[in-house]
Protein chains: 2
Amino acid sequence: MNKQHVSHPSLDKIQDRIDAIVNFIPGCDSQLLMLRVLMKLITADLNERMREVLREHDFHPVSFTALIMLINSNGAPLNPSELSDMTGESRANTTRICDELVASGYLERHANPEDRRRVDLFLAPAGEEAARTLLPAVHSRVLAPLKSLTATDRDGLEATLKHLLATLEVDKDGACPAASR
Amino acid sequence: MNKQHVSHPSLDKIQDRIDAIVNFIPGCDSQLLMLRVLMKLITADLNERMREVLREHDFHPVSFTALIMLINSNGAPLNPSELSDMTGESRANTTRICDELVASGYLERHANPEDRRRVDLFLAPAGEEAARTLLPAVHSRVLAPLKSLTATDRDGLEATLKHLLATLEVDKDGACPAASR
DNA sequence: CTTTTATGATTCACGAATGTATTATTAATA
DNA sequence: TATTAATAATACATTCGTGAATCATAAAAG
């Protein structure tokens, strides 16, 4: 089978590249570049693993993520804007994904009785079943490797990423420089 | 101007969703799901910021990332496979990106004298100039917000992500379970 | 030396995702 | 109350990215 993305480069080679960039353009922060590259490579790897698992079931990572975000027991349903925010997908892509899930019988769109601009999203029984069936395999292949981190590291990573996301939110419009905590 | 992705959801709402998922499918680790969601949202946000900055200069995040990875002073040139590994893009997409950069006069492909299967990639002067011009703006809009993390947090994040990437590498073929350190 | 296997890069049909515009509806303002 | 601004969702032309195949070349095996 063709391998589209075979291996990760050594971290030393990445550092060498970043050093060349920082030498070339003073004012660039080496560590910030490294953090960006690391997040990109990790996300790319996790996405690739999800594709591998889900391809066998005619699913895609983005629509599967949307599906599991819609798992709901007695809570308020999500609307497409909320789903977009929670999955990190654009509004247009969220519409496309919802179209796909509705067409497959996994999702139902209901008009919101209180605000006719809004749509309430409900997982259909087939969607719940798909989630129940596929999430263990995705968990095993995509999430379990994160357990290689110690519990302390996972806690630290979670706290740091939450802080970072909160900061990006505040910084969203680029109006105010991010303040150090 | 249309906003395709307006705001981040509150972390509480994300946690509520994850709790619903874990209730629905026992065996799922709440924290691993949260880590995955956080990385996805942060990466999506950083990508969106890059698009905003680069759009004004007729550039795209993926081709710009490739461009800066090719900055090189006296080092060995990269080939497309190495560039693919370092940017997290597939081989096919790396070819497409190189096509685009060559067409714009930013990149040159040279045959490797020692191995005719290989291509050596060299930044053209116009590419160096584009990098020099654009990286400060990208740095300011995309990377500088990471400075909201304390130096200790950034160090911890870097160490953790490096460890995680190394583990994903070992775990690549899904053959051996990831070992805790 | 010949054959087989593997690698590096590319091609391409197809599907995924975006950016902008549109429409319907609700909220805010005058 | 009427008008204007904002919001929610969707449409769609265009661009981006993938998965499998192909070709040329080098390495390994017999």
Side-chain angles (χ1 to χ4, degrees), chain A residues 1-7 40 43-44 47-56 58-66 77-85 87-104 107 109-121, chain B residues 1-7 40 43-44 47-56 58-66 77-85 87-104 107 109-121:
Chain A
M1 182 259 290
N2 270 294
K3 278 187 165 182
Q4 280 295 311
H5 189 63
V6 174
S7 62
K40 176 61 166 113
T43 300
N47 285 343
E48 188 175 353
R49 287 159 184 265
M50 275 191 89
R51 286 202 297 279
E52 282 169 16
V53 172
L54 292 171
R55 182 186 305 145
E56 301 177 12
D58 276 323
F59 249 98
H60 310 292
V62 171
S63 46
F64 185 72
T65 301
L78 292 181
N79 61 31
S81 298
E82 289 166 331
L83 184 60
S84 166
D85 291 343
T87 57
E89 298 302 323
S90 69
R91 296 293 191 272
N93 204 32
T94 300
T95 296
R96 184 185 65 79
I97 290 158
C98 289
D99 284 350
E100 183 181 298
L101 292 173
V102 166
S104 300
L107 180 68
R109 280 177 168 119
H110 293 185
N112 182 293
E114 291 160 18
D115 184 338
R116 292 198 296 188
R117 293 173 298 179
R118 292 170 174 249
V119 164
D120 290 336
L121 301 171
Chain B
M1 184 260 287
N2 269 293
K3 278 188 164 181
Q4 279 296 308
H5 189 63
V6 174
S7 62
K40 178 58 167 116
T43 300
N47 286 343
E48 189 175 352
R49 286 158 183 264
M50 275 190 90
R51 286 200 297 277
E52 282 169 16
V53 172
L54 293 169
R55 181 186 305 144
E56 300 177 13
D58 276 322
F59 248 99
H60 310 293
V62 171
S63 46
F64 185 72
T65 300
L78 293 182
N79 61 32
S81 299
E82 289 166 332
L83 184 61
S84 165
D85 291 343
T87 57
E89 299 301 325
S90 70
R91 296 293 191 272
N93 204 32
T94 301
T95 296
R96 187 184 64 79
I97 290 158
C98 289
D99 285 349
E100 181 180 299
L101 292 173
V102 166
S104 300
L107 179 69
R109 281 178 168 118
H110 294 186
N112 180 293
E114 291 159 17
D115 185 336
R116 294 199 296 187
R117 293 173 298 179
R118 289 169 176 251
V119 165
D120 289 335
L121 301 172

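Bear in mind that the values here come from a model prediction, so they are computed numbers and not experimental data. Proteins get letters first, then strands, A, B, ... in listed order; numbering begins at 1 in each.
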Go through [options] for me and flag the one nearest to the [X] side chain.
| X | options | value |
| --- | --- | --- |
| B:S81 | C:dG8, D:dT18, D:dA11 | C:dG8 |
| B:E89 | D:dT18, C:dA9, D:dT10 | D:dT18 |
| B:D115 | C:dA9, D:dA9, D:dT25 | D:dT25 |
| A:R117 | C:dT25, C:dA16, D:dG17 | C:dT25 |
| B:N93 | D:dG17, C:dA17, C:dT10 | D:dG17 |

Would you say [X] places a side-chain N or O within less than 4.0 Å of OP1 or OP2 belonging to [N]?
| X | N | result |
| --- | --- | --- |
| B:R109 | C:dT10 | yes |
| A:R118 | D:dA8 | yes |
| B:R51 | C:dG19 | yes |
| A:H60 | C:dA16 | yes |
| A:T94 | D:dA9 | no |
| B:R116 | C:dG8 | no |
| B:S90 | D:dG19 | no |

Quick check for you: to the nearest 0.5 Å, what is the distance between [X] atom [atom1] and [Y] atom [atom2]?
| X | Y | atom1 | atom2 | value |
| --- | --- | --- | --- | --- |
| B:E100 | B:L107 | CD | CG | 11.0 Å |
| B:E89 | B:T94 | CD | OG1 | 6.0 Å |
| A:S90 | A:I97 | OG | CD1 | 7.5 Å |
| B:R109 | B:L121 | CZ | CG | 7.0 Å |

Round to a whole Å and report the spacing from [atom1] of [X] to [atom2] of [N].
| X | N | atom1 | atom2 | answer |
| --- | --- | --- | --- | --- |
| A:I97 | D:dT10 | CD1 | C1' | 14 Å |
| A:E114 | D:dA8 | CD | C1' | 15 Å |
| A:F59 | D:dT18 | CZ | P | 20 Å |
| A:H110 | D:dA8 | NE2 | C1' | 18 Å |
| B:D58 | D:dC16 | CG | C1' | 15 Å |
| A:N47 | C:dA17 | CG | C1' | 14 Å |
| B:F64 | D:dC16 | CZ | C1' | 19 Å |
| A:E48 | D:dG17 | CD | C1' | 13 Å |

Do [X] and [Y] have side-chain heavy atoms sitting under 4.5 Å apart?
| X | Y | result |
| --- | --- | --- |
| B:L101 | B:F59 | yes |
| A:T95 | A:S84 | no |
| A:M50 | A:V62 | no |
| A:L83 | A:R91 | no |

At how many degrees, to 10°, do the end axes of the helix from C:dC1-D:dG30 to C:dA30-D:dT1 meet when each uses five pairs?
30°
How close do A:N112 and A:E114 get, heavy atom to heavy atom, and via which atoms?
OD1-N, 2.8 Å
Give me, pair by pair, the N or O atoms of the protein and of nucleotides 2-4 of chain C that are less than 3.5 Å apart, along with how far apart they are.
none

Polar side-chain atom of A:T65 near backbone of A:P61 as donor-acceptor pair, under 3.5 Å
yes
Under 3.5 Å, side chain of B:E82 to main-chain N/O of B:N79, donor-acceptor pair present?
yes
Upstream residue (5' side of DNA chain D) when B:R96 and A:T95 are each assigned their closest nucleotide
A:T95
